[in-house]
Amino acid sequence: MNELIARASDIAARPGRSILGITGAPGAGKSTLAELLVRELGSDRAVLVPMDGFHLANRELARLRRRARKGAPDTFDASGYAHLLDRIRRRDSDTVYAPQFDRTLDEPIAASIAVPPDIPLVITEGNYLLLDDGAWPQARTAMDEVWYIDIDDDVRRERLVKRHSLFGKTDVEARAWAHGSDEDNAVLIASTAHRADLAITAPSQWI
């Protein structure tokens with residue numbers, strides 16, 4: 001962990017603004033690592049902008065008949081995410097506002113995260129940072145590095161079951177989602193791991 005913090009600190013020290021991406025399958029620990037890095041670097045040097053803020057709203061997913069696959073690549077506004085990262089990368093003089101996903105509401109909330117112009121490092125985390133189709137490659141070009149987290153699949157699935165249960169699903173529903181839609185997405189995400197700048201194999205007790 002100290003090595004990861006040091007590497008993120010070095011990225012933050014580069015001239016201009018840098019963007020660090022953290023990716024991996026659902027339940028791998030992306031948000032936990034990203035939040036830890038921001039905490040260690042300090043709010044004056046780093047801010048977290050998760051990809052999950054670009055979930056399509058449930059009403060739009062229902063219209064597109066994709067509600068049962070929420071979390072799949074085509075249930076996000078990938079172009080919006082790419083454009084936001086490009087704007088953040090340019091480091092304009094004004095504060096940039098990013099959306100955030102509210103798990104309690106199960107909806108994205110616009111303009112929830114402030115990215116002041118003086119912050120040197122933006123950390124973004126999400127499932128599809130290394131995907132090579134649609135608008136995802138455009139988002140990747142805005143990032144200086146992308147780290148991939150791998151963790152034992154059984155541990156990861158149990159985390160997902162607990163997460164889904166915490167936010168309202170029954171145990172049966174939680175397990176069906178973790179072993180169904182989430183698992184399909186995990187297989188796709190694993191196929192992109194070779195494109196990462198850094199591969200992290202995390203012990204289950206680490207994050």
Side-chain angles (χ1 to χ4, degrees), residues 21-34 48-86 98-110 112-113 123-143 146-196:
I22 298 175
T23 193
K30 301 180 295 295
S31 59
T32 302
L33 176 57
L48 175 58
V49 177
M51 185 201 83
D52 276 358
F54 287 87
H55 268 289
L56 296 180
N58 289 331
R59 183 171 64 179
E60 179 63 4
L61 291 176
R63 186 186 72 83
L64 295 170
R65 298 183 181 179
R66 300 174 191 172
R67 183 70 178 85
R69 297 188 299 103
K70 186 169 185 175
D74 63 347
T75 65
F76 290 87
D77 176 13
S79 293
Y81 178 58
H83 284 301
L84 178 75
L85 291 186
D86 182 63
Q100 186 169 30
F101 188 73
D102 187 314
R103 290 190 182 277
T104 302
L105 297 176
D106 195 35
E107 293 279 15
I109 307 297
S112 299
I113 301 170
I123 298 176
T124 186
E125 58 87 8
N127 291 344
Y128 305 115
L129 308 192
L130 298 174
L131 213 60
D132 64 355
D133 62 359
W136 299 107
Q138 183 183 345
R140 173 62 184 94
T141 61
M143 303 176 214
V146 176
W147 300 353
Y148 183 93
I149 300 179
D150 192 17
I151 195 167
D152 180 81
D153 282 334
D154 289 337
V155 172
R156 181 180 57 77
R157 293 185 192 104
E158 283 306 307
R159 286 181 177 179
L160 290 172
V161 171
K162 291 178 182 177
R163 178 192 298 173
H164 293 318
S165 297
L166 181 64
F167 290 99
K169 286 183 171 60
T170 67
D171 184 68
V172 171
E173 291 170 338
R175 291 189 179 280
W177 198 280
H179 291 265
S181 178
D182 283 340
E183 192 63 20
D184 292 342
N185 298 333
V187 171
L188 174 62
I189 295 159
S191 73
T192 71
H194 66 282
R195 302 189 184 105

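This structure is a prediction, so every number in the text was calculated from the model and none was measured. Only this structure's heavy atoms are used, side chains among them; waters, hydrogens and symmetry mates stay out. In this chain, residues are counted from 1 in sequence order.
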A.B. asks: From Thr124 OG1 over to Leu84 CG, what is the distance, rounded to the nearest 0.5 angstrom?
C.D. replies: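 Taking OG1 in Thr124 and CG in Leu84, the distance rounds to 8.5 Å.
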A.B. asks: Between Ser165 and Asp171 (side chain of the first, backbone of the second, donor and acceptor by atom type, cut-off under 3.5 Å), is there such a pair?
C.D. replies: no
A.B. asks: How would you list, by chain and number, every residue that makes a salt bridge (charged side-chain N to carboxylate O under 4.0 Å, His left out) with Glu158, sequence neighbours excluded?
C.D. replies: Arg175
A.B. asks: Which atom names give the shortest non-hydrogen contact between Asn58 and Lys70, and what distance separates them?
C.D. replies: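 Closest pair (atom of Asn58, atom of Lys70, distance): OD1-NZ, 2.6 Å.
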A.B. asks: What's the spacing between Met51 CE and Leu85 CG if we round to 0.5 Å?
C.D. replies: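 One finds 10.5 Å between CE of Met51 and CG of Leu85.
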A.B. asks: Are side-chain heavy atoms of Phe54 and Pro99 found at a separation under 4.5 Å?
C.D. replies: yes
A.B. asks: Ala28 and Ile151: which non-hydrogen atoms are nearest, and at how many Å?
C.D. replies: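 Shortest heavy-atom separation between Ala28 and Ile151 comes out as CA-CG2, 3.8 Å.
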A.B. asks: Quick check: closest heavy atoms across Ile113 and Pro50, and the distance to 0.1 Å?
C.D. replies: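 Closest heavy-atom pair between Ile113 and Pro50: CD1-CD, 3.6 Å.
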A.B. asks: Could you tell me whether the side chain of Tyr81 reaches within less than 4.5 Å of the side chain of Leu129, counting heavy atoms only?
C.D. replies: yes
A.B. asks: Answer whether the closest heavy-atom distance between the side chains of Tyr128 and Thr192 falls below 4.5 Å.
C.D. replies: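 The answer is no, as the side chains (C-beta and beyond) never meet within the 4.5 Å cut-off.
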A.B. asks: Could you pull out all residues at least two apart from Asp52 that satisfy salt bridge (charged side-chain N to carboxylate O under 4.0 Å, His left out)?
C.D. replies: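 If we apply the salt bridge (charged side-chain N to carboxylate O under 4.0 Å, His left out) test to Asp52, skipping adjacent residues, the hits are Arg103.
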A.B. asks: Taking the side chain as C-beta and beyond, is there a heavy-atom pair between Ser31 and Leu33 under 4.5 Å?
C.D. replies: no
A.B. asks: So, does Thr23 use its side chain to make a donor-acceptor pair with the main chain of Asn127 at under 3.5 Å?
C.D. replies: yes
A.B. asks: Between Lys169 and Asp106, does any side-chain N to carboxylate O distance fall below 4.0 Å?
C.D. replies: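 Not counted as a salt bridge, because no side-chain N and carboxylate O are separated by less than 4.0 Å.
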A.B. asks: For the pair Glu107 and Arg59, find out whether any cationic side-chain nitrogen is under 4.0 Å from an anionic carboxylate oxygen.
C.D. replies: no
A.B. asks: Could you pull out every donor-acceptor pair under 3.5 Å between side chains of residues 133-143 and any protein atom, sequence neighbours left out?
C.D. replies:
| unit_1 | atom_1 | unit_2 | atom_2 | d |
| --- | --- | --- | --- | --- |
| Arg140 | NH1 | Met143 | O | 2.8 |
| Arg140 | NH2 | Asp197 | OD2 | 2.8 |
| Thr141 | OG1 | Gln138 | O | 2.6 |

A.B. asks: Taking only residues two or more places apart in sequence or in another chain, which ones pass ring-ring contact (aromatic ring centres under 6.0 Å, His included) with Tyr148?
C.D. replies: none
A.B. asks: Got a second to check how far Phe76's CZ is from Leu61's CG, nearest 0.5 Å?
C.D. replies: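 Phe76 atom CZ to Leu61 atom CG measures 9.5 Å (nearest 0.5 Å).
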A.B. asks: Return the CG to OG distance between Leu131 and Ser191, rounded to the nearest 0.5 Å.
C.D. replies: 7.0 Å
A.B. asks: The criterion is side chain to side chain donor-acceptor pair (under 3.5 Å); which residues satisfy it with Arg195, sequence neighbours excluded?
C.D. replies: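 Checked Arg195 against side chain to side chain donor-acceptor pair (under 3.5 Å); matches are Asp132.
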A.B. asks: State, to 0.1 Å, how close Ser112 and Ile109 come at their nearest heavy-atom pair, and which atoms those are.
C.D. replies: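 Nearest pair, atom of Ser112 first, then Ile109: OG-O, 2.8 Å.
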A.B. asks: Should Leu166 and Arg163 count as side-chain neighbours, where that means a heavy-atom distance under 4.5 Å?
C.D. replies: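 The answer is no; the side chains never approach within 4.5 Å.
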A.B. asks: Restricting to non-hydrogen atoms, name the atom on Pro26 and the atom on Ile189 that form the minimum distance, rounded to 0.1 Å.
C.D. replies: CD-CD1, 3.7 Å
A.B. asks: Partners of Asp184 by salt bridge (charged side-chain N to carboxylate O under 4.0 Å, His left out), sequence neighbours excluded?
C.D. replies: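 Residues passing salt bridge (charged side-chain N to carboxylate O under 4.0 Å, His left out) with Asp184: none at all.
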A.B. asks: Is any NZ, NE, NH1 or NH2 atom of the basic residue among Arg69 and Asp74 found under 4.0 Å from an Asp or Glu carboxylate oxygen of the other?
C.D. replies: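 A salt bridge is present here (some side-chain N lies under 4.0 Å from a carboxylate O).
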A.B. asks: Please name the pair of heavy atoms, one in Arg156 and one in Ala25, separated by the smallest distance, quoted to 0.1 Å.
C.D. replies: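 Scanning both residues, the minimum pair turns out to be CD-CB, 3.7 Å.
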A.B. asks: Would you compute the distance between atom CG of Asp152 and atom CZ of Arg157 and round it to the nearest 0.5 angstrom?
C.D. replies: 8.5 Å
